[in-house]
Amino acid sequence: MSVEEQVISTLRMLPPERQAEVLDFAEFLKQRSLPPKEPRPFGLCAGQIQVPDDFDAPLPYGFL
């Protein structure tokens with residue numbers, strides 16, 4: 001019996017809530033095995049965003 005057949009056979013014996021846990025774990029393992037994404041190039045949005053001069057100024061009292 002193949003590993004896949006063993007997993008399916010065992011999975012069918014579990015209650016639905018445990019089957020959901022197995023699915024969550026399988027999705028987690030799938031995400032871990034994906035190749036890492038390439039980082040975005042530096043300066044991708046250069047010149048498209050403007051930060052106002054008072055960006056880091058304190059907020060008015062009572063703003064929050």
Side-chain angles (χ1 to χ4, degrees):
M1 184 183 288
S2 72
V3 173
E4 181 179 357
E5 292 169 334
Q6 291 176 6
V7 169
I8 292 171
S9 174
T10 304
L11 184 65
R12 287 183 176 150
M13 291 186 264
L14 296 174
E17 59 275 3
R18 295 291 185 216
Q19 290 178 3
E21 287 182 36
V22 172
L23 177 61
D24 286 343
F25 184 64
E27 290 291 332
F28 166 74
L29 291 176
K30 184 173 84 172
Q31 288 297 320
R32 275 190 22 192
S33 65
L34 294 175
K37 294 181 180 178
E38 291 187 27
R40 294 174 55 172
F42 184 75
L44 185 64
C45 296
Q48 297 180 8
I49 299 172
Q50 295 184 3
V51 179
D53 292 335
D54 65 347
F55 175 77
D56 58 351
L59 294 173
Y61 180 76
F63 183 73
L64 300 174

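By convention here, the first residue in the shown sequence is residue 1.
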- line: Q50 meets the side chain to side chain contact (heavy atoms under 4.5 Å, CB included) criterion, sequence neighbours left out, with none
query: Remaining members of L34's ILVMFWY cluster at a side-chain heavy-atom cut-off under 4.5 Å?
result: none
Below 3.5 Å, can you tabulate the donor-acceptor pairs from side chains in residues 15-29 to any protein atom, sequence neighbours excluded?
| from | atom 1 | to | atom 2 | distance (Å) |
| --- | --- | --- | --- | --- |
| R18 | NH1 | E21 | OE1 | 3.4 |
| R18 | NH1 | E21 | OE2 | 2.5 |
| Q19 | NE2 | L11 | O | 3.0 |
| Q19 | NE2 | L14 | O | 3.0 |
| E27 | OE1 | K30 | NZ | 3.4 |

- request: Only counting residues at least two apart or in another chain, list the ones meeting side chain to side chain contact (heavy atoms under 4.5 Å, CB included) with R12.
  value: I8
- request: Could I get the full list of side chain to side chain contact (heavy atoms under 4.5 Å, CB included) partners for S9, not counting sequence neighbours?
  value: M13
- prompt: Heavy-atom count around Q6 CD within 6.0 Å, excluding the residue itself: above 12?
  reply: yes
query: V3: which other cluster members, linking ILVMFWY side chains closer than 4.5 Å, directly or transitively?
result: V7
Compile the donor-acceptor pairs under 3.5 Å between side chains in residues 53-60 and protein atoms, sequence neighbours left out, one pair per line.
none

- line: For residues 31-47, the salt bridge (charged side-chain N to carboxylate O under 4.0 Å, His left out) pairs (sequence neighbours left out) are none
